[in-house]
Amino acid sequence: MWKTGLLLLFWGLLTSGELQQEETEPERRSLPPSGKLDFGYVPQGVYQTLAYYEPGVIGLLFHMVHAFLYVVQPNPFPEDLVIKVAKDKFGAIQSEYQKAIYYETGFVVCAVLGLLFMVLLPLVGLFFCLCRCCDNCGGEMHQRQRKNADCQRGLLTTLLFATSLVITAGVLCAYAANQNLSSQLKGMRRLVSSNLRDLQSFTNETPTQVDYLIAQYATAKNKVISDLDNVGPLLGGKIHEELGKEVCPAMDGALRMAGAMRETKDALENVSMSLEVLQEATGKLHFNLSLVRFSLNRTLNDPGCNDEDSDATTAQLCLSIRSSLAQLHVSANFTRLPDMNNQLESVNQLMKTDLSNIIQKGYSSFNDTPAMVSDQMRNVFEGARGMLDIIGTNISSFSKVFPVHSTMANFTNFISHTHSKIEDSYPEIDQIDFYRWICCIGLCCMVVLILAFNFLAILCGTIGYDKHASPTTRGCVSNTGGTLLMAGVGFSFLFSWILMGVVTATFLVGGNLEKLVCEPFHTKQLFKVLDTPHLVNPEWRNFIPGYMYNDSDLDLTVESLYSNCKENRGIYSAMRLDKVFNVTPFLNSSLYTKEVGKMFNDVKIDLRVIVLLESEGKQNLIGFSETGVDRINYAAYLEEVNKGVTQVDLLSYANELEAQTDLMPKGPLQTSLKGHANSLRQIHSQQVVPMEQAMSMLNQSIRLLERTASDLPNKVADVLATIEAAQYLISQNATQVVNQETEKYKQTIVGYFRQYIEWVRTSLTMEVAACKPFSNIVDTVEIVACSFLVDSLNTFWFGLGCCALFLLPSIILSVKLAKFYRRMDTEDVYDDIETIPMKTILAYDTMTRFPRASAPPRHIDW
């Protein structure tokens, strides 16, 4: 029945389905990454059990016992021997007894010594009693006096006291182990209750986790709907981006050409205006310079320059000035330059057509690609919501096929019933533990009784000691101490063999449990034994899947199950339930791929309505190449511009003229020449400077026109060819780009479902129905069995065995020391009075001095 219930439990945990790897996995790796979905965190139950035990101070005793067992049994775990014995149902012991004996050598030797102790000690005690009854073996109430009697007495007392301390430590060790076992068994209830509560949490949280997995399909569904609603920006935007790699450069070239047309118009207007200004200014400048030359020439004809009475310097200066008058002429001749009115008129005619606006219309038409895609795909995606609802219904129907909640409810009832049975067994466990505790306390009391005799005897013997008293005159207190010692010896003979019998039995049981169960569990060698193929059943390779699923070849071992649960992984992966329950029809991403593929097969996107440049704009560009700006003689213009306004710089000439005039003597000549210099400066500032500015503007305009007109027909042809190529791409070859981006978009949609499936797979493996409570149960059993029971049991026999062993020296020392405490019936006498310590005695009167003395011993005995 429990097997059927467990199968139902595992069946109910599979609400998220078996998630197989897609056959197209290599293809998926080459797909572009889809948007990351956030499915949140699967709700987790809080497991309270802390399967860890720290023994505390008594752990030192546990380690001591473990070290002793290692000395007794240093051999490694006999894995092969255990496997053979288990396979042959213990029949292999007969053939493998030598290996078994070799492994158990330490235990066998200790057990034999214990049995010898049990058998021989009672016999020795019997013969010892008979021997003392015959006044032998220290039974004679006579003590030979020795010179070192005090030293012997002190040594024996010290040794017996030390021995008793060792026995005390042993009995305290046994008592501590006994009390620890009782207290830990009470703490066991907390562990058991905690484990059962964790199982309850496990059953309560699993349906919630399953419902959460199913509900998170809405996250993927909503994301798909959102992407379908935004197909324009997502798909149309990608198509626009890919086509824009060809279209945008072409449209930018046309837009730059429209800008060049505007710049050409402005430059032609500047040239015409500058040329007109310069031609008019040149005539005026020529006339004014002629007047200045005529006036200067007339002034130089002054007698002051030519008279014989004038000085040589003045004459020389006048000659120099007259020779420089030829420089006062206009340099550039703008009247012979042809005008550009025809070209300007042609450009103005072209500018009546707003080419930039036409190009912007092309941009707008191309930028409407996302909206165009959205409009054309609206009808295709109308059934998408219905398809997503059908998929969601298919996933949700799984919880109806497998009654998870009812299965968990039944398992909860099973846990409650088990908890009640365990609670009912606690009184019986407590009663059994009480009887055990009483027996252990009884054994400890045996030792305590002997220790009480020893310590009281030592106390009485020490207090009642009188160094002046002879053996026959010892006091009552000292005699009581000796009697207590002999009583302790008697009880030692009575109890020691019982103690050793208990020690031997518990040693064999506890020691072997520690070496064959507890240690291999910690090192996981026990798991290797349990996972041995064909161990439980010759036909089963692995007994867990063979027993649970009738498939022993399934890779499910005890160690893997325990390790996975220890890591708090989901029971789905820990129990390899994906190989048992096939729920592919409920969660199979190939279904989503097919449905989405069918939806996208009907996608037809037509971009032929996009017109990048209308024919009017093309004609405008062609007309710009035919305006004749490329046939203008720019070299002639640049030649005249580069000449300058006048042959000489009028400002420099005026300054030099004034400097020469300053060398002349003051007079009318000098005044007249300075007036001419000022006239030149005025001409420079009023006529030359404006002309230079006009020439600079003309120069810039001519150079701009020259750059624009350079190879203008070919430039326009290249722009038109690029636009034609982009238009052909949109109208004829856009299908490849559309199909490529549509496939990426489709894979993005499918990627959401794959993310959901992968998340469910990961959640099933790591989070859903985390089986930590099951590994906690195993750890709890190990703690109770090994840490509570076996360690306490081993510590108990270790302490009790120490007591039993040290009772032997305690018996010997007690018998010897009793002679020094007890009052003797007879004592030694002396033949030679001189040898007697009391030399003040006047006569040797044995009858009055030693009334209970026997005959003096022979000299040889002295």
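Remember, it's a predicted structure, so these values are computed and weren't measured experimentally.
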Could you check whether any side-chain heavy atom of Asn348 comes within less than 4.5 Å of a side-chain heavy atom of Glu269, counting everything from C-beta outward?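 Answer yes - side chains close enough.
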Just by distance, no angles: are the side chains of [X] and [Y] close enough, under 3.5 Å, to form a donor-acceptor pair?
{"X": "Glu743", "Y": "Gln747", "answer": "yes"}
{"X": "Ser201", "Y": "Glu205", "answer": "no"}
{"X": "Tyr562", "Y": "Asp779", "answer": "yes"}

Using a cut-off of 6.0 Å, state whether more than 12 heavy atoms not belonging to [X] lie near its atom [atom1].
{"X": "Glu345", "atom1": "CD", "value": "no"}
{"X": "Lys238", "atom1": "NZ", "value": "no"}
{"X": "Glu246", "atom1": "CD", "value": "no"}
{"X": "Lys566", "atom1": "NZ", "value": "yes"}
{"X": "Glu616", "atom1": "CD", "value": "no"}
{"X": "Met351", "atom1": "CE", "value": "yes"}

Heavy-atom pair of closest approach, residues [X] and [Y]:
{"X": "Asn195", "Y": "Thr49", "answer": "N-OG1, 3.3 Å"}
{"X": "Gly236", "Y": "Val373", "answer": "CA-CG2, 3.8 Å"}
{"X": "Phe366", "Y": "Leu612", "answer": "CB-CD2, 4.1 Å"}

Derivation of the side chain to side chain donor-acceptor pair (under 3.5 Å) call for Tyr752 and Asp227: CA-CA 10 Å; Tyr752 297 139; Asp227 282 9; 2.5 Å; yes
Check the angle between the aromatic planes of Trp759 and Phe39 and answer parallel, tilted or perpendicular using the 30° and 60° thresholds.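 If you compare the ring of Trp759 with that of Phe39, the planes turn out parallel.
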Could you give me the CA-CA distance, side-chain angles and deciding distance for Ser731 and Gln727, then say whether side chain to side chain donor-acceptor pair (under 3.5 Å) is met? CA-CA 6 Å; Ser731 303; Gln727 185 69 55; 3.2 Å; yes
Assess the residue pair Arg754 and Glu758 against the criterion (salt bridge (Lys or Arg N to Asp or Glu O under 4.0 Å)); give the C-alpha distance rounded to whole Å, side-chain angles, the decisive distance to 0.1 Å, and a yes or no. CA-CA 6 Å; Arg754 286 176 176 153; Glu758 187 63 29; over 6 Å; no
